[in-house]
Amino acid sequence: MDYKAYIAERLHVEGVSPGEIASALAVPPDTSMGDYALPCFKFAKVLRRSPVSIAEELAGSFPADDVVEGAAAVGGYLNFRINKRGLAEETLCRIQNEGTKYGSSDMGGGKTVCIDYSSVNIAKPFHIGHLSTTVLGGALYRIFDFLGYRAVGINHLGDYGTQFGKLISAYKHWGDREEVEKGGIHAVNDLYVRFTREATEEMESEAREYFRLIESGDREANDLFEWFKRLTLAYVEKIYDRLHITFDSYAGERFYTDKMEPVIRELEEKGLLVESQGAKIVDLEPYGMPPCLILRSDGASLYATRDLAAAIYRKNTYDFDKCLYVVAYQQNLHFKQVFKVLELMGKEWAKDLVHVAYGMVSLEEGAMSTRKGNVVWLEDVISRCVEKAYAIISEKNPDLDDKASVAEKVGVGAVVFGALYNSKIKDIVFSYDKALNFDGETSVYVQYTCARANSVLGKAREKGIQWKDAETLQPCAQEFDLLKALAEFPETVKTAAKTYEPSVIARYCVDVAQKFNKFYIDCKIMGADSDMVRAFRLRLTEATLQTLTNALTLLGIGVPEKM
Ligand code: ARG
């Protein structure tokens with residue numbers, strides 16, 4: 001239930017719309033006076049009266065019912081008290097009925113959202129810099145899907161460019177088929193790194209020739225390229241599995257090879273393409289940006305050229321309502337330019353393209369995990385986190401069954417949550433110890449809370465206690481705080497989607513877990529004074545577990561039953 005809207009609809013303030021009232025309503029820090037408060041000084045000017053007299057008059061005219069019990073004027077504030085038992089009943093029933101669907105909605109009405117994320121580069125390391133795009137994109141994908149959109153996940157592979165010519169040249173000189181097959185992406189990357197260090201003039205020109213051969217469809221060059229691509233994808237797909245990431249399309253940059261020509265022609269026809277020092281550009285000076293480079297003087301296309309073709313292709317193929325690009329803020333200018341060029345081409349849908357920018361992730365000092373030089377491979381970070389999780393779990397609960405699978409959920413969860421907990425634009429420093437702190441604002445804290453709830457429910461089951469049809473009682477303060485938080489989940493998911501901020505859900509998880517733990521410690525569940533109270537609390541416990549499970553699942557984090 002959206003209480004703010006409910007109150008706003010029933011409160012009549014002359015010259016003020018319900019929407020304005022709803023947004024003025026606040027949750028007071030101390031809810032002993034009321035659950036929502038309207039600061040009436042906001043209307044003093046329009047009504048030409050003092051906040052105190054406005055509050056008093058409104059209090060007298062507010063119609064109490066069984067949703068909002070009443071309104072009281074205190075100073076210049078109008079405080080509303082909601083019917084706690086009514087909220088409890090509605091929330092518990094809804095969670096019970098909707099189960100794994102609790103929090104979902106049909107807000108999207110089947111509209112399509114394309115999400116370009118992860119977008120790895122073939123033959124290059126899948127490093128910690130790809131963490132955010134991968135998990136943010138994956139979370140947004142699930143969130144939009146949950147809200148009734150058709151989500152299309154696109155891995156815009158970096159599989160185009162002269163580096164593949166270099167790679168072929170390096171392989172021809174130093175490579176060994178079996179070794180590369182065995183070493184996979186690491187062996188491929190080694191060859192590339194060796195080329196950048198040791199290539200002679202001769203090899204450089206050979207590399208250019210190989211790239212040309214790939215372009216012109218030469219069989220051998222393309223077979224080699226496809227092989228490198230296969231090795232890279234086999235490797236990253238294993239990581240995607242661990243992170244619960246999926247895609248609907250792997251159409252990468254190379255896919256647009258034959259789709260750029262028509263775009264260039266269209267730019268030309270629309271008089272947007274200008275010659276500049278032999279290159280072809282779109283002038284963006286009037287918009288305060290450097291020119292968007294479309295063709296180099298040697299006729300080669302660029303990253304932006306392929307993004308223009310990709311945007312048009314996606315619009316034609318998916319007819320998206322929105323197309324998101326989950327890419328680091330280093331590419332802010334690139335996307336501003338690409339979006340602007342599309343707008344200048346008269347694509348009215350250019351307004352539906354959104355660069356979902358995020359900050360950098362680095363490892364805390366001294367925590368460098370190195371397989372090679374100074375590149376931190378994402379796989380190493382995940383594996384180390386899982387190892388550490390295993391050690392902690394074994395110490396805390398030596399008798400736990402299936403420690404490896406619990407450690408996988410906890411370790412992967414820590415990496416994912418670490419990348420999602422802060423507002424996405426912030427740079428973050430990942431710390432293994434902080435991410436695995438059982439008492440911190442962490443996924444393991446939330447997972448542990450779920451395990452605790454599970455264990456209480458298990459004990460009740462063992463004793464043959466039934467709670468599904470338990471009567472809803474007048475909740476105490478701790479129960480009510482928790483219930484109110486549970487009731488906010490559907491709104492929270494929507495906010496996360498509207499702001500492209502999975503962090504909203506991550507923070508919500510911690511908030512609910514904290515409220516549950518307060519309830520768990522202050523109120524006896526199994527040891528309640530009466531059967532009725534115990535059953536009600538078990539019902540609340542199960543509802544909490546369901547809500548937290550739904551929230552963690554949206555983020556791509558598993559929930560171990562026991563910990
Ligand atoms: N492969 C690029 C990189 O690693 C990211 C691609 C993002 N998507 C796009 N459509 N430009 O920087």
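Here, residue 1 is the first one in the sequence, and each next residue gets the next number. Both ligands and their constituent atoms are indexed starting at 1 by order of listing. Computed from a prediction, not measured in an experiment: that's the story for all the values here.
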Of the listed options Y325, Y303, Y117, closest to atom 5 (C) of ligand 1 (non-hydrogen atoms) | Y303

Is ligand 1 under 4.0 Å from a heavy atom in the side chain of T133, in the backbone, in both, or in neither?
->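 The answer is neither; T133 stays 4.0 Å or more away.
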
I want to know whether [X] and [Y] have ring centres closer than 6.0 Å.
X	Y	result
F255	Y313	yes
F195	H173	no
Y329	Y358	no

Look up atom CG in L233 and atom NZ in K238, then write down how far apart they are to the nearest 0.5 Å.
->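 Reported value, rounded in 0.5 Å steps: 12.0 Å.
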
Polar proximity ligand 1 side, [X] side, N/O cut 3.5 Å exclusive:
X	answer
R314	no
D116	yes
D307	yes
H130	no

Which protein heavy atom lies closest to atom 4 (O) of ligand 1, and at what distance to 0.1 Å?
->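 Scanning the protein heavy atoms, the shortest distance from atom 4 (O) of ligand 1 goes to N121 ND2, 3.1 Å.
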
Which residue and non-hydrogen atom of the protein lie closest to atom 12 (O) of ligand 1, and at what distance in Å?
->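 Going atom by atom, the protein heavy atom closest to atom 12 (O) of ligand 1 ends up being Q331 NE2, 3.0 Å.
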
Run the salt-bridge test on D380 and R384 with the 4.0 Å N-O cut-off and return the result as yes or no.
->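 The answer is no: the pair does not qualify as a salt bridge.
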
Audit row: Y117, Y325, ring pair (Phe, Tyr, Trp, His ring centres under 6.0 Å) steps and yes/no | CA-CA 6 Å; Y117 64 107; Y325 297 81; over 10 Å; no

Does R306 have a non-hydrogen atom less than 4.0 Å from ligand 1?
->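 Not so, R306 does not reach ligand 1.
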
Please report the C-alpha distance between F164 and F211 in whole Å, then the side-chain angles of each, then the deciding distance to 0.1 Å, and finally whether the ring pair (Phe, Tyr, Trp, His ring centres under 6.0 Å) criterion is met.
-> CA-CA 6 Å; F164 297 104; F211 176 60; 8.2 Å; no

